[in-house]
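FYI, side chains are in, hydrogens and waters are out, and symmetry mates aren't considered; it's all heavy atoms of this structure.
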Amino acid sequence: MFTRRRTLLLGAGAAALAASGASAFIFGRGVEEGQIFTIDGIAIRGTDPVAYFTEGQPVAGSAEFAHDWAGATWHFASAENRDLFVADPEAYAPAYGGYCAWAVAARGSLATTQPENWAIVDGRLFLNFNDDVQARWDEDRAAFIEEGDRRWPEVIAANS
């Protein structure tokens, strides 16, 4: 179903943040109930979040392998992927609750996302609105991530 592939950038930045004692929240984790982008209660439009990491592409999940976490229902392509998520959901859940990474960073707002517009940077999954927004975000990922991490608390507070 999904054929587009995004670059995986798994760098030392994640290790440096973890070693520095950065909080889980700064690392893009720690979402709370109601802070996940869903459609009809389903996260990532039913796409398996673990597959981005294990298969390097978005893969449609199935309600047969569903799990509820942080106020959303997550679908998985297999029981194995579901179990990986259940063991450590913050490792696989998208940054900024699955909202558009560019919108959080550039506009300080929430926007929907498409599963095909994604990237993994330093072990974090980021989603974006569409191809054009993804291209803008790709121009300076590091700066957008830094700004998104800074803005996320105020963005989610303004929308709670």
*Note, Ser109 side chain near Val155 side chain (heavy atom, < 4.5 Å)*: no

_Crowding at CZ, Arg150 (>12 non-hydrogen neighbours, <6.0 Å)_ = yes

_Point-to-point distance, once rounded to the nearest 0.5 Å, from CG of Asn159 to CD of Gln35_ = 10.0 Å

*Got a second to check how far Glu116's CD is from Asn128's CG, nearest 0.5 Å?*
12.0 Å

*May I ask whether Leu84 and Trp69 are part of the same hydrophobic cluster, defined by side-chain heavy atoms of I, L, V, M, F, W, Y residues being less than 4.5 angstrom apart, directly or through others?*
yes

*Should Glu147 and Trp102 count as side-chain neighbours, where that means a heavy-atom distance under 4.5 Å?*
no

*For the atom pair CZ (Phe37) and CZ (Arg45), what is the distance rounded to the nearest 0.5 Å?*
4.5 Å

*Between Pro49 and Leu125, what is the shortest heavy-atom contact and its length?*
O-CD2, 4.4 Å

*asked:* Check for me, please, whether Leu110 and Ile145 land in the same ILVMFWY cluster - side-chain distances under 4.5 Å, paths through other members count.
replied: yes

_Check: Tyr99 and Trp152 side chains under 4.5 Å, non-hydrogen atoms_ = yes

*For atom CG of Asp88, is the number of surrounding heavy atoms from other residues, nucleotides or ligands below 6.0 Å larger than 12?*
yes

*Can you hop from Ile36 to Ile42 via hydrophobic side chains spaced under 4.5 Å?*
no

*Search all heavy atoms of His75 against all heavy atoms of Gly46 and return the closest pair with its distance.*
CB-O, 3.6 Å

*Phe126 versus Ala101, closest heavy-atom pair with distance*: CD2-CB, 3.9 Å

*Please check if any side-chain donor atom of Gln134 sits under 3.5 Å from a side-chain acceptor atom of Asp138, or the reverse.*
yes

*Please check if any side-chain donor atom of Asn81 sits under 3.5 Å from a side-chain acceptor atom of Tyr92, or the reverse.*
no

*What heavy-atom pair brings Leu127 and Pro115 nearest, and what distance separates the two atoms?*
CD2-O, 4.5 Å

*Would you please indicate yes or no on a ring centroid separation below 6.0 angstrom for Trp118 and Tyr52?*
yes

*asked:* I'd like to check His67 versus Phe76 (side-chain heavy atoms, cut-off strictly below 4.5 Å). Are they in contact?
replied: yes

_For the CG atom of Asp48 and the OG atom of Ser62, what is their distance to the nearest 0.5 Å?_
10.0 Å

*Side chains of Asn117 and Asp131: donor-acceptor distance under 3.5 Å anywhere?*
yes

*If you measure from the Lys or Arg side-chain nitrogens to the Asp or Glu carboxylate oxygens, is any gap between Glu154 and Arg151 under 4.0 Å?*
yes

